[in-house]
Trainee: 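Supplied in structure tokens, the structure appears directly below.
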Amino acid sequence: MMQSGLPQCNTCGEPVGLDSNGNVFVACLECNYPVCKACVDYEIKEGKKACFRCAAPYEDNVTYDEAGVEASGSHKNKTTHLTNEQDHGLHARNMSTISTVDSELNSESGSSIWKHRVESWRERKDKKKKNVKESKASKEVEQIPPEQQMEEQQFSEAAAQPLSRIIPIPRTKITSYRIMIIVRLIILALFFHYRLTNPVDSAFGLWLTSVICEIWFAFSWVLDQFPKWQPINRETFIDQLSLRYEREGEPSQLAAVDFFVSTVDPLKEPPIITANTVLSILAVDYPVDKVSCYVSDDGAAMLTFESLAETSEFARKWVPFCKKYEIEPRAPEFYFSQKIDYLRDKVQPSFVKERRAMKRDYEEYKVKMNALVAKAQKTPDEGWTMADGTPWPGNNTRDHPGMIQVFLGNTGSPDIEGNELPRLVYVSREKRPGFQHHKKAGAENALIRVSAVLTNAPYILNLDCDHYVNNSKAVREAMCFLMDPVVGQDVCYVQFPQRFDGIDKSDRYANRNVVFFDVNMKGLDGIQGPVYVGTGCVFNRQALYGYGPPSLPSLSKSSSSSCCCCPSKKKEEKDVSELNRDSKREDLESAIFNLKELNNYDEYDRSMLISQTSFEKTFGLSTVFIESTLMENGGVPDSANSPTLIKEAIHVISCGYEEKTAWGKEIGWIYGSITEDILTGFKMQCRGWRSIYCMPLRPCFKGSAPINLSDRLHQVLRWALGSVEIFFSRHCPLWYGFGAGRLKLLQRLAYINTIVYPFTSLPLVAYCTLPAICLLTGKFIIPTLSNLASVLFLGLFTSIILVSVLELRWSGVGIEDLWRNEQFWVIGGVSAHLFAVFQGLLKMLAGLDTNFTVTSKSSDDTEFGELYVFKWTTLLIPPTTLIILNIVGVVAGFSDALNNGYDSWGPLFGKVFFSFWVILHLYPFLKGLMGKQNRTPTIVVLWSVLLASVFSLVWVKIDPFVSKVDSKSIAQSCISIDC
């Protein structure tokens, strides 16, 4: 019976009722939190004898009785239906000014949502307890045969084996390497002491410039070297993974994985390349019902949509062929182009016949794809139309609705053998004028929400459209870490190295990045894990949602319950330093609470904690998506129907969904830089997560790299510009994340190195110019060497060589790869990095933004054809000018030595060696300028000669580093000579 005038219970929504004296029932005398007696009795029965708002203990007059239990049990009949709540939530999405906190705590519909969740959790808990009791009773009744007991015992022993192990670097290799690093540090200190105490007075400006540059180079070396202090290798045991989670005759217990593939412009990223990536995903060696592939078309191109339709048809033949004969790789373009004996290890007589038929089918498929590309070259005046005659919704790429199409899956077409295929979903998020869409990072966040609504796999693997799965067991490799109950508890992602096809054997422009992926990343794996590099990475979905790892210390119930509703007295008594520290921690914690805190609460307390937290302000106005974020093991409700989920998925990719939420700020891919990968991984590790570096013998993923000079420099420019943007942002590792103290020192040094390396271009350009200046002026940056100075220089060069040799020894990297890396460090430093610094400064000071250029992916069949393609860019001018200046300087130096006699040859060799060091490092750049015909483009020659000539003439006119002599001294010297 309803009692008017009484406050409502914040748990069940019923009136709180009266006590035995006829007064309003009050459970907690500290905060007067309105809770009815039935709910309080239920809490006391469950062992919780304190207020879940202020944590004050209940008074003695609050006792448990049976009537209270019955009353609390009757609450289930008084909650509203979920369908009505969802309708109300859909209506509320159109209200931009809705207060989510008030709606959750005070509104009837909001409280009913959480009440429904409370009751569902209680029902599941009771059902689980009942099942456990029944299973125990059945085991007592039935006697298990001894053979089965022995088999289960063997299985349990095998399943208890670790899924991976750490292989440390042998002590004989790593100890000598560390000792040599310390020795080099000592020699560097002595070297700088000598350099600072022995200035060159005759060329003070040159000397000062060189010392400043050398100090910066030493600082950069320290940032790069010490994160490699403790490198490790890892080994996985895929067989143990199968033994633990896949038993014969039982459903697979492996976790589901959602694949993300992103593409923008199908004319720059050929559809056949994207299609090969998709086909390799659909054919992975993993349970079919555990794999879903989401393709993000951020250009809303009908060509991408139609190519996926053709790809889904070809997949019906290709996937069963791959799994039947266990071929590698499972991208048809790269499988059929292999120059190996494809009959090796194949014993089935039908293989040759089916392979030939499959190759014919693939050639026909390529013809269809090429026809689509040819048709898309010219857009019709009236726009594109689909097969049914309706206009294509994405004709205006900047103003179109969201689009989702499910091609394959449990409701789609099976393969030719009648088996189910993995789910394939096309996604194009909504775009409207006036909204910031955040490029690739925004597209990835849209895929997070779509996949959470449709499949909600607990793990996400993202790939660029040109990175195909080269190892069909790649997902199993990652699961050896993520599904390990010991290792994977605090792992936010597993990063794989990037490997590339189509690179020339000499790797002229260091496209393979072998030193970074095989040396630096192994070093980081021994600290807190590798950085996220943008592709080939398997994420824990909970980490992307901003939750902290389970190992973080949990908050007490009193603190967590009081902070959401009203400030406690203790909170008001905090001093300023504590408040500042707490604010820093809160800035790091984008999560509402960490996972361990969530797990420590039972269902009822957890529901109350959730009900007091503003989920909608964090995740957006979608009850379906918010529900999915709380499911740590993933999955969607069995009662969910496809039309409703598709409608909700369309809603979460609307262009205004992220407004006034934490998307891109604290959760998902982080905005603020065109290199969103560095920011995203950095934020996760600041919260206490760690990452894993996985390097199987067979590379798991392979991609294409821009092998011509211009495209390579533009790629490096984009990476460097992203680092500069992070440096000037609030997420700069120099100051961000110190409050929580969860990022290790060496890990922070590594992140600092990733954002300051573009600034090395300034001292590098100056240092590469010094040899030419020294040769042209006859001055030098080093005074006449003494015996001690000679020993210091010899020791410095020897230590540099020995550290490099020992690094090659433990890493297994070749000396040619190390040399190519050094060469391109100079090439990129004096060109792309220099431009990135100035563009970043212009963006910060003047607000001038730079457009993101998609790197073209070549589908040319000519081997290394792109290597010799020349494209004009202003990035070529600075290194070309440096080459010409140093060549002119060498010629001038030798001419001067020939004119001045024997005594001038000694100082000349030091200057010439310095100049040749610059030319030798820029030699690959010089070869790139020459092209295949060994001819430099005229425009490059003209600009470089012009700049070099102007610089030389100005230098001769100013002559800043030559000491000035007045006319009186000259006259006196002349008089003395005459006398």
Side-chain angles (χ1 to χ4, degrees), residues 216 220 223-224 262 264-265 268-269 298 436-444 464 498 509-511 513 516 520 531-535 664 669-683 705-706 708-736 750-765 821 824-857 871-879 925:
W216 180 265
S220 299
L223 292 180
D224 180 70
S262 56
V264 179
D265 188 352
K268 289 186 177 181
E269 301 166 326
D298 221 30
Q436 179 61 262
H437 301 293
H438 302 290
K439 301 172 184 176
K440 181 182 176 181
E444 296 287 352
D464 288 343
Q498 292 186 19
Y509 306 123
N511 281 283
N513 283 329
F516 175 75
N520 296 63
V531 298
Y532 168 43
V533 297
T535 183
W669 269 258
I670 306 301
Y671 305 149
S673 171
I674 57 177
T675 53
E676 69 288 330
D677 45 5
I678 298 294
L679 264 182
T680 303
F682 175 63
K683 291 278 285 188
N708 75 76
L709 180 59
S710 301
D711 285 348
R712 174 68 169 142
L713 289 178
H714 274 289
Q715 183 187 56
V716 175
L717 170 64
R718 188 171 68 248
W719 295 343
L721 180 58
S723 296
V724 174
E725 289 174 342
I726 297 174
F727 180 84
F728 290 117
S729 71
R730 75 181 186 92
H731 292 116
C732 178
L734 286 169
W735 50 74
Y736 183 84
Y751 276 110
I752 292 174
N753 187 41
T754 62
I755 59 110
V756 302
Y757 77 88
F759 295 95
T760 306
S761 60
L762 299 175
L764 186 60
V765 169
N821 183 75
F824 198 77
W825 175 74
V826 176
I827 294 171
V830 299
S831 57
H833 298 172
L834 182 66
F835 277 72
V837 171
F838 286 109
Q839 287 185 16
L841 289 172
L842 285 174
K843 182 177 181 180
M844 183 192 69
L845 299 176
L848 298 177
D849 202 357
T850 52
N851 292 325
F852 172 77
T853 303
V854 179
T855 305
S856 299
K857 279 76 176 179
K871 301 175 183 178
W872 163 248
T873 172
T874 52
L875 297 177
L876 303 176
I877 295 177
F925 176 84

Trainee: So, the side chain of Thr535 versus the backbone of Asp464: is there a donor-acceptor pair under 3.5 Å, distance only?
Mentor: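 Side chain of Thr535 to backbone of Asp464, a donor-acceptor pair under 3.5 Å: yes, one is there.
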Trainee: Once rounded to the nearest 0.5 Å, what's the spacing between atom CD1 of Ile827 and atom CG of Leu709?
Mentor: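 If we round to the nearest 0.5 Å, Ile827:CD1 and Leu709:CG are 7.5 Å apart.
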Trainee: Would you indicate whether the side-chain heavy atoms of Asn513 and Gln498 approach each other to under 4.5 Å?
Mentor: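 The answer is no; the side chains never approach within 4.5 Å.
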Trainee: If I take atom CG from residue Asp298 and atom NE2 from residue His437, how far apart are they, to the nearest 0.5 angstrom?
Mentor: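 It comes to 8.5 Å.
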Trainee: With no hydrogens and no angle check, is any side-chain donor or acceptor of Glu725 less than 3.5 Å from a backbone partner on Ile674?
Mentor: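 The answer is yes, because a donor-acceptor pair under 3.5 Å joins these two groups.
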Trainee: Tell me the closest heavy-atom pair linking Tyr751 and Ile678, and the distance in Å.
Mentor: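 Between these two residues, the closest heavy atoms are CE2-O, 4.1 Å.
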Trainee: What distance do Glu676 atom CD and His438 atom NE2 have between them, rounded to the nearest 0.5 Å?
Mentor: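 Answer for the CD-NE2 pair, Glu676 versus His438, is 12.0 Å.
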Trainee: Provide the closest heavy-atom pair for Phe727 versus Ile755 in the form atom of the first, atom of the second, distance.
Mentor: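 Looks like CD1-CD1, 3.3 Å.
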Trainee: Can you confirm whether the side chains of Trp669 and Tyr532 place a donor and an acceptor under 3.5 Å from each other?
Mentor: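 Yes, side-chain donor-acceptor contact under 3.5 Å.
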Trainee: Tell me the closest heavy-atom pair linking Val716 and Ala832, and the distance in Å.
Mentor: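 Nearest pair, atom of Val716 first, then Ala832: CG1-CB, 3.9 Å.
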Trainee: For the atom pair CD1 (Ile752) and CD1 (Ile726), what is the distance rounded to the nearest 0.5 Å?
Mentor: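 That separation rounds to 12.5 Å.
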Trainee: Please tell me whether Lys683 and Tyr736 have a donor and an acceptor in their side chains that are separated by less than 3.5 angstrom.
Mentor: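 On atom types as modelled, these side chains qualify, holding a pair under 3.5 Å.
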Trainee: Minimum heavy-atom separation for Ala720 and Pro758, please, with both atom names.
Mentor: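 The answer is O-CG, 3.6 Å.
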Trainee: Quick one, Leu223 and Tyr757 - any side-chain contact, counting heavy atoms below 4.5 Å?
Mentor: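 No, every pair of side-chain atoms sits at 4.5 Å or beyond.
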Trainee: Checking Phe728 against Leu841 for the side-chain contact (heavy atoms from CB on, under 4.5 Å) test, could you report, in this order, the C-alpha distance in whole Å, the side-chain angles of both residues, the deciding distance, and whether it holds?
Mentor: CA-CA 9 Å; Phe728 290 117; Leu841 289 172; 3.6 Å; yes
Trainee: Has Arg712 got a side-chain atom pairing as donor or acceptor with Gly828's backbone, closer than 3.5 angstrom?
Mentor: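 No.
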Trainee: How far apart are the closest heavy atoms of Ser729 and Trp735, and which atoms are they?
Mentor: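 It is O-CZ2, 3.5 Å.
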Trainee: How far does NE2 of His833 sit from CG of Leu721, to the nearest 0.5 angstrom?
Mentor: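 The distance works out to 11.0 Å.
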Trainee: Where is the tightest heavy-atom contact between Ser723 and Thr754, given as atom of each residue plus distance?
Mentor: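 What the structure gives for the nearest pair is OG-O, 2.7 Å.
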Trainee: Take Phe759 and Val724 through the test side-chain contact (heavy atoms from CB on, under 4.5 Å) and record every step on the way to the result.
Mentor: CA-CA 8 Å; Phe759 295 95; Val724 174; 4.3 Å; yes
Trainee: Quick one: pull up OG1 in Thr760 and CH2 in Trp216 and give me the separation to the nearest 0.5 Å.
Mentor: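 So the gap between those two atoms works out to 5.5 Å.
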Trainee: Going through the distances and angles, do Ile670 and Phe682 end up as a side-chain contact (heavy atoms from CB on, under 4.5 Å)?
Mentor: CA-CA 10 Å; Ile670 306 301; Phe682 175 63; over 6 Å; no
Trainee: Looking only at the side chains, is there a donor atom on one of Gln715 and Arg718 sitting less than 3.5 Å from an acceptor on the other?
Mentor: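 The answer is no; no qualifying pair exists.
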Trainee: Answer whether the closest heavy-atom distance between the side chains of Val830 and Phe925 falls below 4.5 Å.
Mentor: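 Val830 vs Phe925: side chains apart.
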Trainee: May I have the step-by-step check of side-chain contact (heavy atoms from CB on, under 4.5 Å) for Asp677 and Val531, ending in yes or no?
Mentor: CA-CA 8 Å; Asp677 45 5; Val531 298; over 6 Å; no
Trainee: Within the distance-only criterion (no hydrogens, no angle test), does the side chain of Ser831 pair as donor or acceptor with the backbone N or O of Leu876 below 3.5 angstrom?
Mentor: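 Such a contact is absent between Ser831 side chain and Leu876 backbone.
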